[in-house]
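Data block below; observations after.
Any value given below was found using the heavy atoms of this structure, including those in side chains, with hydrogens, waters and symmetry copies removed. Every chain is numbered from 1, with letters handed out A, B, ... down the list of sequences.
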Amino acid sequence: MASTKYDAIVIGGGHNGLTTAAYLARAGKKVLVLERRHVLGGAAVTEEVFPGFKFSVCSYVVSLLRPEIIRDLDLPRHGLEILPLDGTFTPMPSGDYLWRVNDHGKTRREIARHSKLDAEAYEEFGKAMQAMCRFVKPILGMVPPDPSTLNPRELMKLLFIGKRFQGLSPEDKYNQVQLMTMSAVDFLDQWFETDVLKATMSASGIIGTFLGVRSPGTAYVLLHHYMGEIDGAFRSWGFARGGTGAISNAIADAAREAGAEIRTKAGIARIIVKNNRAQGVVLESGEEIHADVISSSVDPRNTFLRFIENGLLPDEFLEEVKRYKFRGSSGKVNIALDALPDFKCMPGAGLHLRGAISISPSVEYMERAYDDAKYGNFSRRPYVDIVIPSLTDPSVAPAGKHVMSCFVQYAPYKLRPGLNWDEQRDAFGNNVIDTIAEYAPNLKNIILNKQVLTPLDLEREFGLSEGNIFQGELSLEQLFFLRPVPGYAQFRTPIKNLYMCGSATHPGGGIMGAPGRLAALEILKDAKATPSRSKTASVERPAERVS
Amino acid sequence: MAGARDVVIIGGGHNGLVTAFYLAKAGFKPLLLERRPQTGGAAITEEFSPGCRCSTLAHSTGPLLPEIVRDMELARHGLKLITSDIAVTALAPDGRALMLASDAGRAAQEIGKFSQKDSAQYRVFEEALKKIGGVIGEALKLAPPDVDDPSRGDLWGMLKTGRSLRKLGKKDLYRVLRWGPMAVADLVAEFFETELLRATIAARGIFGTFLGPWSAGSSLVLLIRAAGDSHPAGSAVTAAGGIGSVIQAMAAAAKEAGAEIRTNADVAEVRIKDGAATGVVLAGGEEISAKAVISNADPRRTLLKLSIPCI
């Protein structure tokens with residue numbers, strides 16, 4: 001086995017690593033994926049945590065999976081099936097609620113119940129957001145330009161964005177500028193007056209960031225959220241049948257079919273670098289595996305500070321890696337239920353339980369949740385996004401039982417001095433239960449088991465530094481050509497033949513697959529420009545490419 | 001329109017006075033109308049207690065553009081700016097104090113008492129701020145371009161800004177792009193370890209905004225302030241006689257250039273006909289017609305309170 005040499009090794013078997021592997025394998029490369037855990041998927045994983053209950057342990061819904069990936073890799077044939085997640089239900093302490101569904105007419109009537117003006121504005125808002133999405137979407141599929149060079153190819157990319165911007169209508173231009181700079185709440189304030197509507201919509205602006213709904217810059221994340229909703233391939237948000245892990249499994253299947261090899265329980269100890277060129281990896285077991293190209297889908301802290309020996313990277317680059325911000329701000333509580341929760345404001349097992357249930361009753365509630373986090377506490381009353389996938393996909397729970405997946409924000413990775421997550425885990429979990437029970441009091445009586453994941457657990461178990469679900473904050477200073485490190489946003493690194501292909505690269509986290517695909521395309525482009533070393537082993541090629 | 005003035009300027013704050021000066025200098029006959037008994041707006045000196053004269057609102061001149069000081073010959077008109085050797089003294093609850101001198105070298109030395117690392121970093125930070133602030137300063141001097149339909153002048157301005165950005169070099173160019181959207185607390189934490197120093201510099205990023213130091217975008221506030229004054233914590237520049245002296249000098253310069261200034265002249269309405277401003281009506285009922293009306297009041301007052309189109 002020691003003699004086997006690969007064209008490419010992908011570090012990490014999350015959905016992005018697997019996507020890179022699938023694209024490379026389809027291009028005829030001999031690819032090996034190495035996953036540290038016993039199961040593939042990274043944070044897009046399904047695990048049977050309690051007998052009969054299959055949890056989408058971390059990531060739990062999908063909307064942004066790139067249609068071109070679904071098409072290129074023929075994922076439906078490999079078992080991917082997306083089931084619709086219809087609507088968002090927000091219970092309110094007053095006993096009222098806000099329930100938006102995919103049906104426009106119904107949602108309009110429901111919003112009109114709160115405010116006639118808002119019902120009108122909602123339509124307009126949808127149209128404006130669509131225009132914004134059309135502007136931003138191609139950017140998700142492009143390799144970020146390097147604005148610091150005068151290379152014509154890079155300038156063309158900037159020009160392309162500039163021309164698209166010029167193509168927007170005047171209002172859309174200003175909307176776009178506002179979106180990039182304003183807070184989610186300030187932006188929504190311009191459209192709506194219903195507090196609960198603004199609170200629930202603003203929630204998507206803070207997910208995975210250490211920002212509050214009133215923090216500037218959060219409006220842009222709203223757009224990210226909206227983008228999935230108008231994607232051609234799948235309408236709206238959805239679940240994967242069999243849990244989120246099914247997405248990773250489908251991609252893995254596509255990769256294997258194309259010839260990729262995938263190994264689990266194969267943690268990396270170090271990347272082998274010689275003459276500033278990545279040449280292979282050493283596993284935790286001591287096994288050495290060689291390859292022409294190494295692509296790391298784990299985050300930059302792991303890749304560059306753990307896997308690369310000291311002294312091999314330029315100081316300035318290391319500085320930038322060290323200042324790349326993770327700051328996980330969320331946790332997860334997965335609950336095995338004996339029956340369905342019964343909401344005071346809408347009793348019974350209605351359709352409202354099949355969508356997302358959002359604990360976001362007011363803008364002030366959301367901002368107060370952030371206040372707690374700013375000073376190193378988990379939110380006393382957190383924002384919780386709840387889904388019950390077992391209602392749509394009965395295969396994930398025993399008959400008559402249910403799985404409830406609760407995404408919780410804020411849970412700051414760094415607690416205030418004197419507190420640590422190992423001691424706070426139970427209190428955190430119970431606090432989430434208490435919060436939901438205020439709206440659905442029967443919850444405490446129907447819990448069979450629960451799994452509580454703190455940001456520290458996300459770091460330890462899933463290798464997400466500081467528990468950040470997006471491999472680094474999605475804040476403006478860490479997006480596009482600044483992600484993850486200014487000057488290194490094009491998936492390449494200071495070490496030749498070492499690439500990045502995870503969520504820490506453009507366009508960022510969420511089950512998109514876009515970083516994995518873009519990285520693979522760049523790797524293939526380089527491979528074409530410099531024929532593989534294995535074929536020209538005796539000839540040391542000059543390091544500089546002629547352009 | 002017989003008897004119409006060239007230009008009426010609403011509001012005798014410092015911006016109104018500067019506008020009046022430049023227009024008068026170009027040969028117009030601007031009339032500046034101020035509601036209060038004295039010009040100055042928020043830049044005034046008042047005797048609030050017998051013998052004690054205070055800059056009632058703004059108390060330092062901030063980034064008064066040097067070319068305006070020069071063009072208006074404010075020194076000749078009596079302005080004496082005083083720059084303190086000490087820019088700011090930050091007080092810590094434990095009884096210690098951090099005194100930041102205007103001179104970067106001395107400031108760095110003082111910081112050394114708190115942290116040697118920060119002392120060295122201070123020079124680096126100051127240099128970066130100077131370079132980046134300079135570029136932003138150039139951009140601030142341009143009228144904002146019309147993004148819908150940029151004129152040739154707009155394009156030229158953007159091109160010039162683009163060129164000076166490029167001249168920064170790769171490292172500082174990326175700094176501008178990365179720093180702008182950041183929280184100022186994160187920015188200062190990248191440079192310094194002393195909490196008191198961090199807070200003192202971060203204060204510039206929240207000054208006058210509804211942001212906290214942990215709010216994204218507060219770095220940009222710091223950078224914009226650095227455009228006029230690259231001292232990390234802001235220089236302490238005051239005018240002899242209080243901030244009102246700046247206004248007195250400006251008013252004198254504007255008058256000398258040919259502008260007319262009327263105080264106790266409260267504009268109640270901007271007259272608008274066929275989509276064009278035709279003059280103003282004062283609270284007393286006096287009508288003043290003009291070929292152009294320029295407002296130095298905020299947009300809410302100007303457009304929602306004062307402008308009533310008479311069709």
Side-chain angles (χ1 to χ4, degrees), chain A residues 144 146-150 155 158 162 165-174 176-177 180-183 186 205-206 209-212 214-221 316 319-320 322-325 327 370-371 373-375 473-489, chain B residues 117 121 124-125 128 132 135 144-150 154-155 158-159 161-193 195 205-206 209-224:
Chain A
D146 180 350
S148 73
T149 78
L150 286 170
L155 290 179
L158 288 171
F165 186 74
Q166 278 308 321
L168 291 173
S169 77
E171 284 127 65
D172 289 340
K173 272 182 204 154
Y174 289 112
Q176 188 65 45
V177 172
M180 297 306 286
T181 51
M182 285 176 96
S183 79
D186 282 346
I206 54 161
T209 73
F210 200 83
L211 293 171
R214 287 194 180 123
S215 305
T218 48
Y220 170 74
V221 191
E316 236 171 63
E319 279 299 306
E320 296 283 353
K322 282 179 194 158
R323 71 169 60 122
Y324 180 70
K325 289 192 289 285
R327 298 200 286 208
Y370 177 50
D371 286 347
K374 277 198 296 197
Y375 305 104
E473 267 193 288
L474 283 188
S475 47
L476 280 183
E477 72 272 22
Q478 303 197 145
L479 288 180
F480 204 37
F481 46 64
L482 300 172
R483 189 170 186 91
V485 166
Y488 293 93
Chain B
K117 201 177 140 235
Q121 283 286 81
V124 179
F125 186 67
I132 293 169
V135 174
D146 181 339
V147 290
D148 278 338
D149 187 16
D154 285 343
L155 287 174
M158 287 196 269
L159 202 68
T161 310
R163 274 188 47 194
S164 47
L165 270 169
R166 288 213 174 272
K167 265 194 254 155
L168 279 176
K170 193 173 177 126
K171 183 171 175 178
D172 285 313
L173 169 63
Y174 271 122
R175 274 178 168 166
V176 179
L177 295 171
R178 199 172 65 84
W179 287 5
M182 276 174 71
V184 71
D186 292 335
L187 176 63
V188 293
E190 283 184 4
F191 280 87
F192 307 113
E193 58 187 12
E195 199 56 30
I206 57 165
T209 71
F210 200 76
L211 298 173
W214 285 334
S215 302
S218 45
S219 281
L220 188 60
V221 180
L222 173 69
L223 293 183
I224 287 173

Between A:P147, A:G217, A:G212, which shows the greatest number of heavy-atom pairs under 4.5 Å with chain B? A:P147

Measuring from A:L474:CG to A:K325:NZ, what's the distance to the nearest 0.5 Å? 12.0 Å

Counting heavy-atom pairs closer than 4.5 Å to chain A, which one of B:L168, B:D186, B:L211 comes out on top? B:D186

Taking salt bridge (Lys or Arg N to Asp or Glu O under 4.0 Å) as the definition, give me every residue that meets it alongside B:D154, ordered by chain and number, with sequence neighbours left out. none

Considering all heavy atoms of both residues, which atom of A:E320 and which atom of A:P486 are nearest to each other, and what is their separation? OE1-CD, 3.7 Å

Counting heavy-atom pairs under 4.5 Å with chain B, which one of A:S215, A:P170, A:S183 comes out on top? A:P170

Of the listed A:T149, A:T181, A:L211, the one with the largest count of heavy-atom pairs under 4.5 Å with chain B is A:T149

Does any backbone or side-chain atom of A:E316 lie under 4.5 Å from a heavy atom of chain B? Answer side chain, backbone, both or neither. side chain

With rounding to the nearest 0.5 angstrom, report the OG to CE distance, A:S475 to B:M182. 8.5 Å

Flag the pair B:K167 / B:V135 as yes when at least one side-chain heavy-atom distance between them is below 4.5 Å, and no otherwise. no

Can you confirm whether A:Q166 is buried at CD, in the sense that more than 12 heavy atoms of other residues, nucleotides or ligands lie under 6.0 Å from that atom? yes

How far apart are the closest heavy atoms of A:F210 and A:E473, and which atoms are they? N-OE2, 2.7 Å

Does any backbone or side-chain atom of A:Y370 lie under 4.5 Å from a heavy atom of chain B? Answer side chain, backbone, both or neither. side chain

Non-hydrogen side-chain atoms of B:L187 and A:E477 separated by less than 4.5 Å: no

Given a strict heavy-atom distance threshold of 4.5 Å, which part of A:E171 is in contact with chain B: side chain, backbone, both, or neither? neither

Could you look at A:R483 and say if it's the side chain, the backbone, both or neither that has a heavy atom under 4.5 Å from chain B? neither

Just wondering, more than 12 heavy atoms not from A:R323 lying within 6.0 Å of its CZ? yes

Determine which residues belonging to residues 214-223 of chain B lie within contact range of chain A, meaning some heavy atom pair is under 4.5 Å apart, and list them by number or answer 'none'. B:W214, B:S215, B:A216

Under 4.5 Å, heavy atom to heavy atom, which residues of residues 172-179 of chain B contact chain A? B:L173, B:Y174, B:L177, B:R178

How would you list, by chain and number, every residue that makes a salt bridge (Lys or Arg N to Asp or Glu O under 4.0 Å) with A:K322, sequence neighbours excluded? none

Honestly, the part of A:F481 sitting under 4.5 Å from a heavy atom of chain B is both

